[in-house]
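Fair warning: this is a prediction, and the values are worked out from it, not measured in the lab. Reckoned from all heavy atoms, side chains included, excluding hydrogens, waters and symmetry mates. Heads up: numbering here begins at 1 and tracks the sequence.
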Amino acid sequence: MTVTIKDVAAEADVSIATVSRVLANKAGFYSDKTAARVREAADRLGYRKNTSAVELVTQKSQVIGVIVSSTKTNFSNQIIEGIQSVAFKHDLSVMILYAEDEGDLQTRALRTLIGRSVMGILVLAVQLTDANLALLENSRIPHRYLSTSFKGDKLAFTASDDYQIGYQATDYLIKKGHQRIGLVAMDVNSYIGQQRVAGYRDAMKAAQLTVSDDWIKPGLFTYQDGFNAMAEFGAEPDVTAVIGTSDMAAIGVLNQAQNFGLKVPEQLAIMSIDGTELVKIVRPQLTSITQAFYEMGQRGMTHLLTPTTAPASEFIPFKLDERSST
């Protein structure tokens, strides 16, 4: 027979409300002695909280769904940590599902969360298909996009300004004396990739520098994309600097450059976009556009929980951290 909270209250000789507060770790309502007695009673009876039953009674889900890009990069870790920090404060659980930009995984992830009637949904760096976008909109479940921006104000997001990321990264290298700059590993079919390319081109144009199409090498932000892009540049590259559009991609550029025997930064400067812990554990350490991913997760989650006071969309400031690769 299933053990209920009522059984624990009877065993510990306290009220049901006290048991609920103790097991939810709500301090200030009971003594340490009472808490110990309640937990001992729960352990002795084998009590396990039935989340589904609680939600059925309260008519309110305590779960936030997060759909995460399955792209082989590491930037999402800090965003998820930020989401979790806010969820913990509100006694909420987080369900994480992975999805690709195309295919059935998106639909499956969305239907799982919609069927679960989650409290809200955060879409982390996933570009939904039109059909899945409609599926999410029609669900009426509150949702917000993280690390993905959109043109216009129809879709609410919390992200970095990818146009400015592309512009500022390029402008920095121009000011360091570089005139032939490569941009590699971005998904040019995504809004993120398009904005970074636009920023890169405009920075070059502002400096009256011509861009060769050979300097722009698309990809999916992965290590292999950066490695392959540098292989295409060759042992005697036409560019003097390369921007990797993720830390993993920049490390791919670095490793292939070192395979060619190129000295970094003397013969080739390398810059990264993201600025996670990876940029500090390689040698030379990578100069980076560092995004505030943890804050992005925190703020996005907070806005999801307070939709009436949240901004429609917002850009989180980023910074440029200069290290020894440039």
_Please evaluate residues Leu183 and Thr245 with respect to the criterion side chain to side chain contact (heavy atoms under 4.5 Å, CB included), reporting the C-alpha separation (whole Å), side-chain torsions for both, the decisive distance (0.1 Å), and the verdict._
CA-CA 7 Å; Leu183 181 70; Thr245 51; 3.7 Å; yes
At what distance, to the nearest 0.5 angstrom, does [atom1] of [X] lie from [atom2] of [Y]?
X      : Y      : atom1 : atom2 : answer
Leu173 : Gln168 : CG    : CD    : 11.5 Å
Met95  : Met119 : CE    : CE    : 14.5 Å
Glu232 : Met230 : CD    : CE    : 10.5 Å
Asp187 : Gln127 : CG    : CD    : 7.0 Å
Tyr294 : Ile83  : OH    : CD1   : 11.0 Å
Ser313 : Lys154 : OG    : NZ    : 13.0 Å

_Aromatic plane relationship, Phe150 with Tyr145 - under 30° parallel, 30 to 60° tilted, over 60° perpendicular_ =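 Ring orientation of Tyr145 relative to Phe150: perpendicular.
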*Going through the distances and angles, do Leu128 and Leu136 end up as a side chain to side chain contact (heavy atoms under 4.5 Å, CB included)?*
CA-CA 9 Å; Leu128 295 178; Leu136 178 57; 3.8 Å; yes
Just by modelled atom types, is the [Y] backbone N or O under 3.5 Å from a matching donor or acceptor in the [X] side chain?
X      : Y      : answer
Asp7   : Thr4   : yes
Glu295 : Ile316 : no
Asp171 : Tyr167 : no
Tyr200 : Ile181 : yes
Asp225 : Thr222 : yes
Thr112 : Arg108 : yes
Ser147 : Ala125 : no

Do [X] and [Y] have side-chain heavy atoms sitting under 4.5 Å apart?
X      : Y      : answer
Met204 : Ile174 : yes
Phe227 : Asn259 : yes
Arg111 : Leu135 : yes
Asp238 : Asp214 : no
Thr34  : Thr18  : yes
Pro284 : Leu254 : yes
Lys176 : Glu322 : yes

*asked:* Assess the residue pair His178 and Val239 against the criterion (side chain to side chain contact (heavy atoms under 4.5 Å, CB included)); give the C-alpha distance rounded to whole Å, side-chain angles, the decisive distance to 0.1 Å, and a yes or no.
replied: CA-CA 9 Å; His178 296 280; Val239 295; over 6 Å; no
For [X] versus [Y], what's the shortest heavy-atom pair and its separation?
X      : Y      : result
Ser69  : Tyr98  : O-CD2, 3.9 Å
Phe75  : Leu124 : CE1-CD2, 3.6 Å
Val63  : Val118 : O-CB, 3.4 Å
Ser85  : Gly82  : OG-O, 2.7 Å
Pro237 : Gly234 : CD-O, 3.4 Å
Met271 : Tyr172 : SD-CD2, 3.7 Å

More than 12 heavy atoms of other residues, nucleotides or ligands under 6.0 Å from [atom1] of [X]: yes or no?
X      : atom1 : result
Phe315 : CZ    : yes
Glu137 : CD    : yes
Asp13  : CG    : no

Compile the donor-acceptor pairs under 3.5 Å between side chains in residues 261-268 and protein atoms, sequence neighbours left out, one pair per line.
unit_1: Gln267; atom_1: OE1; unit_2: Lys263; atom_2: N; d: 2.7

Single-linkage hydrophobic cluster, 4.5 Å side-chain cutoff, [X] and [Y] together:
X      : Y      : answer
Phe293 : Val86  : yes
Phe233 : Val188 : yes
Leu146 : Ile289 : no
Tyr163 : Ile165 : no
Leu155 : Val126 : yes

*asked:* Test: side-chain hydrogen bond (donor to acceptor under 3.5 Å, both in side chains). Region: residues 279-288. Which pairs qualify, not counting sequence neighbours?
replied: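 Found Thr287-Thr326, Ser288-Thr290, Ser288-Arg323.
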Can you confirm whether the side chains of [X] and [Y] place a donor and an acceptor under 3.5 Å from each other?
X      : Y      : answer
Asp162 : Tyr191 : no
Asp247 : Ser272 : yes
Gln62  : His90  : no

*Please determine which of Ile281, Val282, Asp274 meets the side-chain contact (heavy atoms from CB on, under 4.5 Å) test together with Leu278.*
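Testing Leu278 for a side-chain contact (heavy atoms from CB on, under 4.5 Å) against Ile281, Val282, Asp274 leaves exactly one candidate, Ile281.
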*When you check the gap from the basic side-chain N to the acidic O, do Arg39 and Asp43 get nearer than 4.0 Å?*
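No, Arg39 and Asp43 are not salt-bridged.
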*Given the rule in the side chain to side chain contact (heavy atoms under 4.5 Å, CB included) test, do Leu122 and Arg144 qualify, once you have shown the distances and angles that lead to the verdict?*
CA-CA 5 Å; Leu122 294 169; Arg144 194 174 186 90; 3.9 Å; yes
*Are Thr276 and Gln78 close enough, and set up right, to give a side chain to side chain donor-acceptor pair (under 3.5 Å), and what steps lead you there?*
CA-CA 8 Å; Thr276 67; Gln78 294 177 38; 5.1 Å; no
